[in-house]
Enquirer: 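Please find one structure pasted underneath; my questions will follow.
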Amino acid sequence: MAKRVVLPALFLVTFISGGCLPPPGPSKQAGNPKLIPFDSEAALLSYFQQQAIEQTRPQRRRGWLFGRIPTLAPGAAEDNAVNAAPTDGTGGSTAYSTTNLQEAGVDESDVFKSDGTYFYIAREQSLRIVQASPPEALAEIANVDLGAWIDALYLRDKTIIALGSQADGARVGAAAPDGAEIMIWPPYYPRAKISVIQIDISDPANPAITHRLELDGCLVSSRLTGGRLIVVLTVVPELPAQPTPREINRMTLTEVMPKARASGGASADAVPWSNWLRPEAPDGCAMTAVLTLDAGNVETIVESAAVLANAGTIYASPEALYLTDSAYDPDDNYRENTVIHKFSFGEDGAARYTASGSVPGRLLNQFALSDHKGNLRVATHRVGNGGVFWDDVVVGVAVAESGNTSSSDDAPPPGTAQDRADTQNAPQEPDNAVFVLGESNGALDILGSVANFGTNEQIYAVRFLGDHGFVVTFRQIDPLFVLDLSDPQDPRLVGELEMPGYSEYLHPLGEDYLIGIGRATDENEWGGTSVKGIQLSLFDVSDWTNPQVVQQLSLGSWGSYSEISATHKAFTFIERDGQTLIALPAVLTSEGGTYYYSYEFAGVLCYSVDPTAGFTKLGEVAAVGRPIGWWPQWQRAAFIGNELYALTPDGIRAAPLTDFNATEQITLSE
């Protein structure tokens with residue numbers, strides 16, 4: 001029997017007394033996913049109190065503290081990708097790289113931003129501004145104390161918007177240091193607060209804070225689109241020190257509702273009671289708030305909504321934000337389905353709730369979702385009987401097995417009691433599926449699907465591009481599946497490629513090629529699979545039915561890693577002077593024996609990519625500092641003109657693409 005690859009992961013378990021604790025635990029999810037509004041303040045308060053009482057029963061506390069901890073799949077990153085690389089209009093040397101985005105027109109935060117002349121860097125509680133170009137003038141020109149642990153930056157015109165957890169609040173539960181979304185899911189930390197800070201950088205050497213908004217809760221994710229900053233928070237109201245039913249029932253709505261505080265202003269409800277929603281099936285007392293802020297003045301809340309449910313993967317297109325929930329139900333059971341709530345962007349750019357739906361299985365990350373031509377495509381992994389996440393599969397819609405839509409005339413209609421009973425009793429192996437959902441009358445209905453591919457394998461990467469989808473699964477080999485999604489009601493699996501190793505991130509190269517970044521693998525002495533180094537792959541998908549490998553490179557030994565495995569924002573891609581260049585932050589090791597390795601390099605690797613020649617290494621730039629350890633520092637790469645930059649919180653090193661030995665560097669001030 002094949003052995004699964006086990007990847008190292010960093011987990012954080014924190015006991016918080018007096019908070020609203022979630023129950024872990026495998027199962028079914030019932031109820032209509034559509035959200036229901038409250039008809040009064042009293043109804044909202046009563047619902048919260050009932051859920052808080054239910055969630056604080058002693059057995060639930062024991063289950064959370066000593067039971068299983070929900071974790072993300074290897075390679076998951078809450079935050080596919082499009083680079084905006086401005087040029088001088090001639091393809092000349094002033095081209096520069098920007099944050100790698102999933103959707104054009106929907107900006108995502110990162111720990112650093114570039115405008116082609118200056119770098120804006122988040123370092124602990126400060127914003128650092130560095131003159132980056134020309135490299136011989138490399139210098140830190142400003143250091144702004146923001147009074148919050150900064151996890152996310154946006155660059156908009158002559159303004160920086162910074163988001164971070166309050167320095168005097170709960171640091172645990174904020175976004176991870178690399179700007180990725182929360183890894184311990186959900187973040188259950190009462191008293192947590194975030195700050196949204198707007199800084200005028202019209203004079204980069206003299207930045208000035210112009211607006212500041214403080215919000216109760218933990219930052220889950222955010223997006224900047226259409227002049228609006230969409231902020232998603234998880235809020236866990238603080239319960240009484242002795243959370244007995246009597247004490248919980250004494251709580252007031254003022255104690256429960258999350259607050260917003262503008263600079264110099266009074267505290268007010270971040271979401272009015274009339275904008276609160278709940279699922280038909282109770283989902284605990286944690287809250288998810290979706291706030292639309294004016295990017296021109298972040299103290300202005302344009303619109304707000306909140307759901308008494310947990311937050312999962314967040315995805316946004318230019319048309320809507322999607323909030324998912326697949327954690328667990330109130331009966332200590334992991335859910336086998338993923339609920340999806342759609343918040344459409346109105347003419348004013350505000351996110352307002354419009355529809356909900358549900359699909360079998362669980363998501364890898366935000367790339368498992370794609371809004372295209374009015375439909376939502378969703379890739380899921382279903383664990384099967386005896387798995388961590390569910391015991392049996394109940395699918396209320398007909399699915400096509402790898403594009404085969406034939407069925408037996410004797411089979412019970414899908415969704416009937418007999419169909420559900422047969423499904424529950426039949427052995428279920430782990431598998432994967434892609435669903436296409438359409439919106440109708442407030443519901444996200446399944447229009448079509450392709451299921452039961454990659455059986456006994458787990459999803460490691462997803463990419464939707466136009467009318468096609470690409471899914472990478474892995475157990476011992478790395479199948480790349482190609483799906484034709486041009487007909488939403490008849491999606492089909494049209495191509496498959498098997499190769500060693502696996503990809504964790506896929507990036508388009510023109511219309512006919514894909515770049516894959518992941519891990520190389522090898523068979524070990526026990527007959528299982530061992531992870532080797534970083535794997536760089538180039539796929540030819542010009543023939544959807546017959547994808548091919550152009551080239552694969554293995555970099556470093558089994559201790560090597562790239563931050564691209566954790567976040568797509570670490571991938572840097574640019575077209576300049578007729579060349580396609582990529583830069584990969586990496587830590588490379590060499591094997592010193594069976595059980596140990598030594599570090600050889602930490603920094604940025606630079607390659608040119610040609611569809612026929614494959615990857616050609618141009619050079620490398622070592623990082624300033626040593627981004628290695630129990631909690632490694634973030635690493636990023638940037639191109640400006642003919643220069644490649646390696647960035648860490650410690651400093652910056654630059655080298656020309658024509659001579660990687662001619663470096664300039666600075667160390668950021670303490």
Enquirer: Using atom types as modelled and distance alone, determine if a side-chain donor or acceptor of Glu108 lies under 3.5 Å from a backbone N or O of Gln102.
Expert: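 Such a contact is found between Glu108 side chain and Gln102 backbone.
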Enquirer: Kindly compute the distance separating CG (Asp151) from CD1 (Ile194), expressed to the nearest 0.5 Å.
Expert: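 Asp151 CG to Ile194 CD1: 9.0 Å, rounded to 0.5 Å.
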Enquirer: Is there a donor-acceptor contact under 3.5 Å from the side chain of Glu103 to the main chain of Ala316?
Expert: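 Looks like no, no N/O pair under 3.5 Å.
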Enquirer: Who pairs with Phe601 by ring pair (Phe, Tyr, Trp, His ring centres under 6.0 Å), at least two apart in sequence or on another chain?
Expert: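 Listed in chain order: nothing, the list is empty.
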Enquirer: Please identify each residue that fulfils side-chain hydrogen bond (donor to acceptor under 3.5 Å, both in side chains) with Tyr118, with sequence neighbours left out.
Expert: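 Applying side-chain hydrogen bond (donor to acceptor under 3.5 Å, both in side chains) to Tyr118 gives none.
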Enquirer: Would you confirm whether Tyr154, through its side chain, and Arg223, through its main-chain N or O, come within 3.5 Å as a donor-acceptor pair?
Expert: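 Yes, the answer is positive, given that a donor and an acceptor are paired below the 3.5 Å cut-off.
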Enquirer: What are the two closest non-hydrogen atoms of Asp650 and Val624, and how far apart are they?
Expert: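 Taking Asp650 first and Val624 second, the nearest heavy atoms are CB-O, 3.6 Å.
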Enquirer: Please evaluate residues Leu215 and Val235 with respect to the criterion side chain to side chain contact (heavy atoms under 4.5 Å, CB included), reporting the C-alpha separation (whole Å), side-chain torsions for both, the decisive distance (0.1 Å), and the verdict.
Expert: CA-CA 10 Å; Leu215 300 166; Val235 183; over 6 Å; no
Enquirer: Which heavy-atom pair separates Val236 from Ala286 by the least distance, and what is that distance?
Expert: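 That closest heavy-atom pairing would be CG2-CB, 4.4 Å.
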Enquirer: With under 30° as parallel and over 60° as perpendicular, where do the rings of Phe571 and His507 fit, or are they tilted in between?
Expert: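 Tilted, since the angle between the ring planes falls between 30° and 60°.
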Enquirer: Using only atom types and a distance under 3.5 Å, with no angle test, would you say the side chain of Ser202 pairs donor to acceptor with the backbone of Lys158?
Expert: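 The answer is no, because no donor-acceptor pair under 3.5 Å joins these two groups.
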Enquirer: Would Arg636 and Glu563 count as a salt bridge (Lys or Arg N to Asp or Glu O under 4.0 Å) here? Give the steps.
Expert: CA-CA 9 Å; Arg636 292 293 187 271; Glu563 199 170 342; 3.0 Å; yes
Enquirer: Asp157 side chain to Thr159 main-chain N or O, any donor-acceptor pair under 3.5 Å?
Expert: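 Side chain of Asp157 to backbone of Thr159: no pair is present.
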Enquirer: Could you list the residues that satisfy ring pair (Phe, Tyr, Trp, His ring centres under 6.0 Å) with Phe38, not counting sequence neighbours?
Expert: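 Per chain and number, Phe38 pairs via ring pair (Phe, Tyr, Trp, His ring centres under 6.0 Å) with Tyr47.
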Enquirer: Go through the steps to decide whether Ile150 and Leu127 satisfy the test side chain to side chain contact (heavy atoms under 4.5 Å, CB included), and finish with yes or no.
Expert: CA-CA 8 Å; Ile150 303 303; Leu127 170 70; over 6 Å; no
Enquirer: If the threshold is 4.0 Å, N to carboxylate O, is there a salt bridge linking Lys259 and Glu214?
Expert: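 Looking at Glu214 together with Lys259, the answer is no, because their closest N to O distance does not fall below 4.0 Å.
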Enquirer: Going by distance alone, is a donor N or O of one side chain under 3.5 Å from an acceptor N or O of the other, for Asp371 and Tyr322?
Expert: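 Side chains of Asp371 and Tyr322: pair found under 3.5 Å.
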Enquirer: Can a salt bridge be assigned to the pair Arg128 and Glu140 using a cut-off of 4.0 Å between side-chain N and carboxylate O?
Expert: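 Salt bridge flag = yes for Glu140 with Arg128.
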Enquirer: Is Glu670 paired with Arg123 through a side-chain N to carboxylate O contact shorter than 4.0 Å?
Expert: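 Yes, this pair counts.
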Enquirer: Applying side-chain hydrogen bond (donor to acceptor under 3.5 Å, both in side chains), can you list everything that pairs with Arg278, at least two apart in sequence or on another chain?
Expert: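 side-chain hydrogen bond (donor to acceptor under 3.5 Å, both in side chains) list for Arg278, sorted by chain: empty.
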Enquirer: Restricting to side-chain hydrogen bond (donor to acceptor under 3.5 Å, both in side chains), what partner residues turn up for Tyr607, sequence neighbours left out?
Expert: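 Checked Tyr607 against side-chain hydrogen bond (donor to acceptor under 3.5 Å, both in side chains); zero matches.
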Enquirer: Taking it one step at a time, do Gln166 and Ser195 satisfy side chain to side chain donor-acceptor pair (under 3.5 Å)?
Expert: CA-CA 6 Å; Gln166 288 284 59; Ser195 287; 2.6 Å; yes
Enquirer: So does Arg212 get a backbone contact from the side chain of Glu299, meaning a donor-acceptor N/O pair under 3.5 Å?
Expert: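 Yes; at least one donor-acceptor contact below 3.5 Å.
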Enquirer: Verify, without hydrogens or angle tests, whether Asp294 (side chain) and Val302 (backbone) share a donor-acceptor contact under 3.5 angstrom.
Expert: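 No; judged by distance alone, with no hydrogens or angles, the pair does not exist.
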Enquirer: Identify the heavy atoms of Ala309 and Asp283 that sit nearest to each other, and give their distance.
Expert: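 Heavy atoms only, the tightest pair is CB-OD2, 3.0 Å.
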Enquirer: Verify the distance criterion only: is there a donor paired with an acceptor across the side chains of Gln579 and Ser608 at less than 3.5 Å?
Expert: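 Note: Gln579 and Ser608 side chains miss the donor-acceptor criterion.
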Enquirer: Evaluate Asp325 against Val307 for side chain to side chain contact (heavy atoms under 4.5 Å, CB included), listing each step before the verdict.
Expert: CA-CA 11 Å; Asp325 180 8; Val307 184; over 6 Å; no
Enquirer: Before you tell me yes or no, could you show the steps for Tyr120 and Asp115 under side chain to side chain contact (heavy atoms under 4.5 Å, CB included), namely the whole-Å CA-CA distance, both residues' side-chain angles and the distance that decides it to 0.1 Å?
Expert: CA-CA 9 Å; Tyr120 306 90; Asp115 62 10; 2.9 Å; yes
Enquirer: Please check: side-chain N/O of Trp276 versus main-chain N/O of Val271, any donor-acceptor pairing under 3.5 Å?
Expert: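 Looks like yes, one N/O pair under 3.5 Å.
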Enquirer: Taking the side chain as everything from C-beta on, heavy atoms only, tell me whether Ile161 gets closer than 4.5 Å to Leu163.
Expert: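 A side-chain contact under 4.5 Å exists here.
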Enquirer: Got a donor-acceptor contact below 3.5 angstrom from the Ser317 side chain to the Ala320 backbone?
Expert: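 Yes.
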Enquirer: Do any pairs count as a salt bridge (charged side-chain N to carboxylate O under 4.0 Å, His left out) and have a residue in residues 314-323, sequence neighbours left out, and if so which ones?
Expert: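 Pairs touching residues 314-323 that pass the test: none.
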Enquirer: Side chains of Tyr96 and Ser133 only: does a donor on one sit below 3.5 Å from an acceptor on the other?
Expert: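 No - no donor-acceptor pair under 3.5 Å links their side chains.
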Enquirer: May I ask you to decide if Thr572's main-chain N or O and Ser97's side chain share a donor-acceptor pair within less than 3.5 Å?
Expert: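 Absent.
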